[in-house]
Amino acid sequence: MQYINELETTISDMVQKGRGILAADESAPTIAKRFDSIHVVSTEENRRIWRNTLLTTHGLGEYISGTILFEETLNQKTDDGKTIAEAAWDQKIVPGIKVDKGTMPLALSAGDLITKGLDGLAERLRGYKEQGARFAKWREVYAIDKHVPTLNGIEANAEMLARYAAVCQEEGLVPIVEPEVLMDGSHDIERHAEVTEAVQHAVFNALNRHKVVLELMILKPNMVLPGKDCRTAEPDEVAKATLKVLRRTVPIAMPSINFLSGGQGPEEATINLNAINQQASDAPWQLSISYGRALQQPALQAWQGKPENILQAQQALLKRARLNHLAMLGDYRPSLEND
Ligand code: 13P
(Lines give C-alpha, C1' and ligand atoms only; values in the text may rest on other atoms or scores of the structure.)
Protein backbone atom coordinates (compact mmCIF):
# COMPACT_ATOMS: atom_id res chain seq x y z
CA MET A 1 0.00 0.00 0.00
CA GLN A 2 1.49 3.32 -1.13
CA TYR A 3 0.32 5.63 1.64
CA ILE A 4 0.78 3.44 4.69
CA ASN A 5 2.81 6.02 6.69
CA GLU A 6 0.26 8.72 5.99
CA LEU A 7 -2.59 6.44 7.09
CA GLU A 8 -0.74 5.49 10.28
CA THR A 9 -0.15 9.14 11.14
CA THR A 10 -3.81 9.99 10.57
CA ILE A 11 -4.92 7.10 12.79
CA SER A 12 -2.58 8.19 15.58
CA ASP A 13 -3.81 11.80 15.30
CA MET A 14 -7.44 10.66 15.46
CA VAL A 15 -7.43 7.79 17.93
CA GLN A 16 -6.58 9.32 21.28
CA LYS A 17 -7.94 8.54 24.70
CA GLY A 18 -10.77 10.84 25.70
CA ARG A 19 -11.13 12.49 22.28
CA GLY A 20 -13.86 11.86 19.71
CA ILE A 21 -15.16 12.98 16.34
CA LEU A 22 -17.57 15.82 15.60
CA ALA A 23 -19.81 14.94 12.64
CA ALA A 24 -20.64 18.22 10.87
CA ASP A 25 -21.24 16.67 7.46
CA GLU A 26 -24.99 17.12 7.04
CA SER A 27 -26.00 17.12 3.39
CA ALA A 28 -27.93 20.13 2.01
CA PRO A 29 -31.42 18.67 2.75
CA THR A 30 -30.40 17.49 6.24
CA ILE A 31 -28.85 20.78 7.35
CA ALA A 32 -31.93 22.57 5.97
CA LYS A 33 -34.05 20.40 8.28
CA ARG A 34 -31.84 21.23 11.29
CA PHE A 35 -31.93 24.97 10.46
CA ASP A 36 -35.72 24.81 10.01
CA SER A 37 -36.02 23.81 13.66
CA ILE A 38 -34.57 27.22 14.64
CA HIS A 39 -36.20 29.13 11.76
CA VAL A 40 -32.92 29.82 9.95
CA VAL A 41 -32.81 29.67 6.16
CA SER A 42 -30.21 27.26 4.80
CA THR A 43 -28.16 29.60 2.59
CA GLU A 44 -24.53 28.89 1.72
CA GLU A 45 -23.47 31.77 3.98
CA ASN A 46 -25.55 30.56 6.94
CA ARG A 47 -24.04 27.09 6.56
CA ARG A 48 -20.57 28.68 6.51
CA ILE A 49 -21.35 30.72 9.62
CA TRP A 50 -22.60 27.61 11.43
CA ARG A 51 -19.64 25.40 10.58
CA ASN A 52 -17.25 28.27 11.30
CA THR A 53 -18.92 28.63 14.71
CA LEU A 54 -18.45 24.94 15.48
CA LEU A 55 -14.85 24.62 14.37
CA THR A 56 -13.50 27.84 15.81
CA THR A 57 -14.78 26.94 19.28
CA HIS A 58 -11.88 27.71 21.56
CA GLY A 59 -10.67 24.60 23.42
CA LEU A 60 -12.64 22.10 21.30
CA GLY A 61 -9.44 20.29 20.32
CA GLU A 62 -9.02 19.09 23.88
CA TYR A 63 -11.98 16.72 23.44
CA ILE A 64 -12.34 16.39 19.68
CA SER A 65 -9.68 14.81 17.44
CA GLY A 66 -11.49 14.75 14.08
CA THR A 67 -14.34 16.40 12.26
CA ILE A 68 -16.35 15.14 9.30
CA LEU A 69 -17.13 17.92 6.85
CA PHE A 70 -19.48 18.18 3.89
CA GLU A 71 -17.99 18.81 0.43
CA GLU A 72 -19.15 22.43 0.34
CA THR A 73 -17.43 23.19 3.68
CA LEU A 74 -14.00 22.19 2.35
CA ASN A 75 -14.19 25.24 0.05
CA GLN A 76 -15.38 27.62 2.75
CA LYS A 77 -13.35 30.01 4.86
CA THR A 78 -13.51 31.11 8.47
CA ASP A 79 -14.05 34.76 9.37
CA ASP A 80 -10.23 35.03 9.54
CA GLY A 81 -9.80 33.86 5.96
CA LYS A 82 -8.40 30.39 6.72
CA THR A 83 -10.08 27.36 5.26
CA ILE A 84 -12.34 25.65 7.76
CA ALA A 85 -10.13 22.56 7.44
CA GLU A 86 -7.08 24.65 8.44
CA ALA A 87 -8.94 26.15 11.39
CA ALA A 88 -9.80 22.65 12.59
CA TRP A 89 -6.20 21.49 12.34
CA ASP A 90 -5.06 24.58 14.28
CA GLN A 91 -6.63 22.76 17.25
CA LYS A 92 -5.26 19.36 16.12
CA ILE A 93 -8.71 18.35 14.90
CA VAL A 94 -8.15 16.23 11.79
CA PRO A 95 -10.45 17.30 8.92
CA GLY A 96 -12.30 14.59 7.02
CA ILE A 97 -15.01 14.40 4.39
CA LYS A 98 -18.29 12.59 3.86
CA VAL A 99 -17.96 11.02 0.42
CA ASP A 100 -21.12 8.98 -0.09
CA LYS A 101 -23.96 10.45 -2.12
CA GLY A 102 -26.90 9.29 -0.03
CA THR A 103 -29.23 6.30 -0.34
CA MET A 104 -31.67 4.91 -2.88
CA PRO A 105 -33.85 1.78 -2.88
CA LEU A 106 -31.96 -1.44 -3.67
CA ALA A 107 -33.43 -2.80 -6.90
CA LEU A 108 -35.64 -5.90 -6.61
CA SER A 109 -35.18 -5.89 -2.84
CA ALA A 110 -38.21 -4.12 -1.40
CA GLY A 111 -37.44 -2.15 1.75
CA ASP A 112 -33.66 -2.38 1.49
CA LEU A 113 -31.57 0.72 0.77
CA ILE A 114 -28.19 1.08 -0.89
CA THR A 115 -25.76 4.02 -0.86
CA LYS A 116 -24.57 5.81 -4.02
CA GLY A 117 -21.22 7.38 -4.85
CA LEU A 118 -18.62 4.77 -5.83
CA ASP A 119 -18.22 5.91 -9.45
CA GLY A 120 -15.25 8.25 -9.73
CA LEU A 121 -14.55 7.98 -5.98
CA ALA A 122 -10.74 7.72 -6.34
CA GLU A 123 -10.59 10.94 -8.39
CA ARG A 124 -12.84 12.75 -5.92
CA LEU A 125 -10.69 11.58 -3.00
CA ARG A 126 -7.57 13.01 -4.65
CA GLY A 127 -9.31 16.39 -4.92
CA TYR A 128 -10.52 16.30 -1.29
CA LYS A 129 -7.03 15.38 -0.13
CA GLU A 130 -5.62 18.44 -1.89
CA GLN A 131 -8.19 20.49 0.01
CA GLY A 132 -6.95 19.13 3.32
CA ALA A 133 -9.13 16.07 4.03
CA ARG A 134 -7.22 13.19 5.66
CA PHE A 135 -10.04 10.76 6.25
CA ALA A 136 -13.41 9.93 4.69
CA LYS A 137 -16.80 8.67 5.80
CA TRP A 138 -19.38 6.49 4.05
CA ARG A 139 -22.74 5.52 5.54
CA GLU A 140 -24.93 2.53 4.67
CA VAL A 141 -28.41 2.55 6.18
CA TYR A 142 -30.50 -0.42 7.33
CA ALA A 143 -34.14 0.06 8.26
CA ILE A 144 -35.77 -2.58 10.43
CA ASP A 145 -39.14 -4.05 9.55
CA LYS A 146 -40.61 -7.53 9.57
CA HIS A 147 -38.77 -8.63 6.44
CA VAL A 148 -35.93 -6.11 6.20
CA PRO A 149 -33.06 -5.87 6.05
CA THR A 150 -32.96 -8.92 3.79
CA LEU A 151 -29.86 -11.10 3.51
CA ASN A 152 -29.38 -9.64 0.04
CA GLY A 153 -29.58 -6.09 1.46
CA ILE A 154 -27.06 -6.89 4.18
CA GLU A 155 -24.59 -8.41 1.70
CA ALA A 156 -24.95 -5.65 -0.91
CA ASN A 157 -24.43 -2.89 1.66
CA ALA A 158 -21.39 -4.64 3.15
CA GLU A 159 -19.86 -4.91 -0.31
CA MET A 160 -20.29 -1.15 -0.86
CA LEU A 161 -18.66 -0.28 2.46
CA ALA A 162 -15.71 -2.56 1.76
CA ARG A 163 -15.17 -1.27 -1.78
CA TYR A 164 -15.29 2.32 -0.52
CA ALA A 165 -12.83 1.55 2.32
CA ALA A 166 -10.39 -0.14 -0.06
CA VAL A 167 -10.39 2.89 -2.42
CA CYS A 168 -9.80 5.22 0.55
CA GLN A 169 -6.81 3.25 1.80
CA GLU A 170 -5.37 3.07 -1.71
CA GLU A 171 -5.64 6.88 -1.94
CA GLY A 172 -4.22 7.52 1.55
CA LEU A 173 -7.39 8.56 3.40
CA VAL A 174 -8.45 6.69 6.54
CA PRO A 175 -11.94 5.25 5.95
CA ILE A 176 -14.65 5.60 8.55
CA VAL A 177 -16.99 2.70 7.88
CA GLU A 178 -20.54 3.48 9.00
CA PRO A 179 -23.19 0.76 8.88
CA GLU A 180 -26.19 2.38 10.61
CA VAL A 181 -29.05 0.16 11.72
CA LEU A 182 -31.81 2.71 12.29
CA MET A 183 -33.71 3.00 15.56
CA ASP A 184 -36.96 3.99 13.79
CA GLY A 185 -39.78 1.54 14.43
CA SER A 186 -41.32 -0.51 17.20
CA HIS A 187 -38.80 -3.39 17.26
CA ASP A 188 -37.36 -4.40 20.62
CA ILE A 189 -33.70 -4.27 21.65
CA GLU A 190 -33.23 -7.99 20.89
CA ARG A 191 -34.26 -7.46 17.26
CA HIS A 192 -31.92 -4.44 16.96
CA ALA A 193 -29.11 -6.59 18.36
CA GLU A 194 -29.85 -9.45 15.96
CA VAL A 195 -29.80 -7.16 12.91
CA THR A 196 -26.72 -5.23 14.06
CA GLU A 197 -24.85 -8.50 14.60
CA ALA A 198 -25.72 -9.80 11.12
CA VAL A 199 -24.74 -6.45 9.57
CA GLN A 200 -21.37 -6.27 11.37
CA HIS A 201 -20.50 -9.86 10.45
CA ALA A 202 -21.19 -9.14 6.79
CA VAL A 203 -19.23 -5.87 6.90
CA PHE A 204 -16.11 -7.44 8.41
CA ASN A 205 -16.30 -10.39 6.00
CA ALA A 206 -16.45 -7.97 3.08
CA LEU A 207 -13.62 -5.83 4.48
CA ASN A 208 -11.52 -8.96 4.73
CA ARG A 209 -12.40 -10.01 1.16
CA HIS A 210 -11.32 -6.58 -0.11
CA LYS A 211 -8.05 -6.66 1.90
CA VAL A 212 -8.90 -3.55 3.91
CA VAL A 213 -6.34 -3.07 6.69
CA LEU A 214 -8.35 -3.01 9.90
CA GLU A 215 -5.62 -1.21 11.84
CA LEU A 216 -6.02 1.73 9.47
CA MET A 217 -9.76 2.31 9.62
CA ILE A 218 -12.41 3.37 12.13
CA LEU A 219 -15.81 1.75 12.65
CA LYS A 220 -18.81 4.03 13.20
CA PRO A 221 -21.68 1.80 14.32
CA ASN A 222 -25.03 2.35 16.00
CA MET A 223 -25.49 1.46 19.64
CA VAL A 224 -27.94 -1.38 20.22
CA LEU A 225 -31.23 0.18 21.36
CA PRO A 226 -34.95 -0.53 21.33
CA GLY A 227 -36.89 1.09 18.44
CA LYS A 228 -38.12 4.65 19.01
CA ASP A 229 -41.71 3.41 19.28
CA CYS A 230 -40.82 0.63 21.72
CA ARG A 231 -40.08 1.07 25.44
CA THR A 232 -36.91 2.88 26.52
CA ALA A 233 -33.94 0.93 27.86
CA GLU A 234 -31.68 1.59 30.82
CA PRO A 235 -28.08 2.58 29.99
CA ASP A 236 -26.73 -0.65 31.50
CA GLU A 237 -29.00 -2.69 29.23
CA VAL A 238 -27.92 -0.69 26.16
CA ALA A 239 -24.27 -1.09 27.11
CA LYS A 240 -24.60 -4.84 27.67
CA ALA A 241 -26.41 -5.43 24.37
CA THR A 242 -24.04 -3.16 22.41
CA LEU A 243 -20.88 -4.74 23.82
CA LYS A 244 -22.19 -8.26 23.28
CA VAL A 245 -22.65 -7.57 19.56
CA LEU A 246 -19.31 -5.75 19.21
CA ARG A 247 -17.38 -8.51 21.01
CA ARG A 248 -18.91 -11.10 18.69
CA THR A 249 -18.19 -9.24 15.48
CA VAL A 250 -15.35 -6.68 15.64
CA PRO A 251 -11.76 -7.97 15.43
CA ILE A 252 -9.34 -6.59 18.01
CA ALA A 253 -7.14 -5.19 15.22
CA MET A 254 -9.60 -2.32 14.85
CA PRO A 255 -8.25 0.66 16.81
CA SER A 256 -11.41 2.61 17.50
CA ILE A 257 -15.17 2.35 17.53
CA ASN A 258 -16.84 5.75 17.26
CA PHE A 259 -20.58 5.55 17.79
CA LEU A 260 -23.13 7.63 15.89
CA SER A 261 -25.87 9.16 18.01
CA GLY A 262 -28.66 8.18 15.60
CA GLY A 263 -31.52 10.19 17.09
CA GLN A 264 -30.71 9.71 20.78
CA GLY A 265 -31.01 12.92 22.77
CA PRO A 266 -27.73 14.63 23.73
CA GLU A 267 -27.84 13.50 27.37
CA GLU A 268 -29.06 10.01 26.48
CA ALA A 269 -26.17 9.55 24.05
CA THR A 270 -23.69 10.61 26.74
CA ILE A 271 -25.20 8.42 29.47
CA ASN A 272 -25.19 5.38 27.19
CA LEU A 273 -21.59 5.97 26.12
CA ASN A 274 -20.59 6.26 29.75
CA ALA A 275 -22.28 2.95 30.61
CA ILE A 276 -20.55 1.28 27.66
CA ASN A 277 -17.15 2.48 28.84
CA GLN A 278 -17.85 1.52 32.44
CA GLN A 279 -18.71 -2.03 31.36
CA ALA A 280 -15.82 -2.30 28.93
CA SER A 281 -12.67 -1.45 30.81
CA ASP A 282 -11.11 -4.54 29.19
CA ALA A 283 -12.23 -3.68 25.62
CA PRO A 284 -9.52 -4.04 22.96
CA TRP A 285 -10.72 -0.97 21.07
CA GLN A 286 -11.26 2.64 22.08
CA LEU A 287 -15.00 3.32 22.52
CA SER A 288 -15.61 6.88 21.47
CA ILE A 289 -18.01 9.12 19.55
CA SER A 290 -18.68 10.41 16.09
CA TYR A 291 -21.81 12.32 17.05
CA GLY A 292 -23.66 14.79 14.86
CA ARG A 293 -26.97 15.70 16.44
CA ALA A 294 -26.01 14.78 20.00
CA LEU A 295 -23.10 17.25 19.91
CA GLN A 296 -24.68 19.99 17.83
CA GLN A 297 -28.31 20.17 19.01
CA PRO A 298 -27.85 22.28 22.17
CA ALA A 299 -25.44 24.57 20.30
CA LEU A 300 -27.92 25.03 17.47
CA GLN A 301 -30.66 25.90 19.97
CA ALA A 302 -28.38 28.45 21.61
CA TRP A 303 -27.40 30.02 18.27
CA GLN A 304 -30.83 30.67 16.71
CA GLY A 305 -29.03 32.17 13.71
CA LYS A 306 -28.01 35.30 15.67
CA PRO A 307 -24.44 36.67 15.70
CA GLU A 308 -24.80 37.77 19.33
CA ASN A 309 -25.44 34.11 20.34
CA ILE A 310 -22.34 32.60 18.76
CA LEU A 311 -20.33 32.50 21.97
CA GLN A 312 -23.18 30.80 23.82
CA ALA A 313 -23.49 28.26 21.01
CA GLN A 314 -19.78 27.52 21.26
CA GLN A 315 -20.07 27.09 25.01
CA ALA A 316 -22.94 24.64 24.52
CA LEU A 317 -20.86 22.63 22.04
CA LEU A 318 -17.84 22.65 24.33
CA LYS A 319 -19.96 21.46 27.25
CA ARG A 320 -21.29 18.44 25.29
CA ALA A 321 -17.79 17.67 24.00
CA ARG A 322 -16.40 17.76 27.55
CA LEU A 323 -19.20 15.61 29.00
CA ASN A 324 -18.72 13.04 26.23
CA HIS A 325 -14.98 13.13 26.95
CA LEU A 326 -15.81 12.18 30.54
CA ALA A 327 -18.15 9.44 29.25
CA MET A 328 -15.29 8.02 27.16
CA LEU A 329 -13.41 7.62 30.43
CA GLY A 330 -16.49 6.24 32.22
CA ASP A 331 -16.41 9.26 34.55
CA TYR A 332 -19.64 11.04 33.55
CA ARG A 333 -22.38 11.73 36.12
CA PRO A 334 -25.78 13.25 35.22
CA SER A 335 -25.30 15.89 37.95
CA LEU A 336 -22.49 17.38 35.82
CA GLU A 337 -25.15 18.57 33.38
CA ASN A 338 -25.99 21.38 35.82
CA ASP A 339 -22.41 22.59 36.39
P1 13P B 1 -25.80 11.46 14.27
O2 13P B 1 -24.86 11.39 15.43
O3 13P B 1 -26.67 12.67 14.28
O4 13P B 1 -26.52 10.16 14.03
O5 13P B 1 -24.91 11.72 12.97
C6 13P B 1 -23.75 11.08 12.76
C7 13P B 1 -23.54 10.89 11.31
O8 13P B 1 -22.52 11.28 10.78
C9 13P B 1 -24.55 10.19 10.53
O10 13P B 1 -24.02 9.81 9.30
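Both ligands and their constituent atoms are indexed starting at 1 by order of listing. Not measured: the values here are computed from a predicted model.
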Backbone of S42 reached by a side-chain donor or acceptor of R47 within 3.5 Å: yes

Counting from 1 in the order shown, the ligand 1 atoms closer than 4.0 Å to a non-hydrogen atom of S290 are 6 (C)

Give a yes/no verdict on whether any heavy atom in K137 is under 4.0 Å from an atom of ligand 1. yes

Kindly say whether L106 contributes a backbone atom to a donor-acceptor pair with the side chain of S109 at under 3.5 angstrom? no

Show me which atoms of ligand 1 lie under 4.0 Å from any heavy atom of K220. 6 (C), 7 (C), 8 (O)

Among K33, R51, R293, side-chain contact (heavy atoms from CB on, under 4.5 Å) partner for E26: R51

Does ligand 1 have a heavy atom under 4.0 Å from the side chain of K98, from its backbone, from both, or from neither? neither

Just jot down the ligand 1 atoms closer than 4.0 angstrom to any heavy atom of Y291, in number order. 2 (O)

What part of L295 sits under 4.0 Å from ligand 1 if we count only heavy atoms: the side chain, the backbone, both or neither? neither

List, by chain and number, the other hydrophobic cluster members for L113, where Ile, Leu, Val, Met, Phe, Trp and Tyr join if side-chain heavy atoms come within less than 4.5 Å, directly or indirectly. V141, L182

How far is atom 5 (O) of ligand 1 from its nearest protein heavy atom, and which residue and atom is that? G292 N, 3.6 Å

Are any of the N or O atoms of R34 closer than 3.5 Å to those of ligand 1? no

Any idea which atoms of ligand 1 are less than 4.0 Å away from a heavy-atom of D25? 8 (O)

May I ask you to decide if the ring planes of H192 and H187 are parallel, tilted or perpendicular, using 30° and 60° as cut-offs? parallel

Protein contact of atom 9 (C) of ligand 1 - nearest heavy atom, named by residue and atom, plus distance: E178 OE2, 3.3 Å

Hydrogens and angles aside, do N157 and T115 bring a side-chain donor and acceptor to less than 3.5 Å of each other? no

Which residue and non-hydrogen atom of the protein lie closest to atom 1 (P) of ligand 1, and at what distance in Å? S261 OG, 3.3 Å

Donor-acceptor list for residues 170-179 side chains, cut-off 3.5 Å, not counting sequence neighbours:
unit_1 : atom_1 : unit_2 : atom_2 : d
E171   : OE1    : R126   : NE     : 3.0
E171   : OE2    : R126   : NH2    : 3.1
E178   : OE1    : K137   : NZ     : 3.1

Looking only at distance, does G262 have an N or O less than 3.5 Å from an N or O of ligand 1? yes

Checking heavy atoms under 4.0 Å, the part of R139 that sits near ligand 1 is side chain

Distance only, no hydrogens: is a donor on one side chain within 3.5 Å (strictly under) of an acceptor on the other, for E159 and H210? yes

Side chains of Q91 and W89 only: does a donor on one sit below 3.5 Å from an acceptor on the other? no

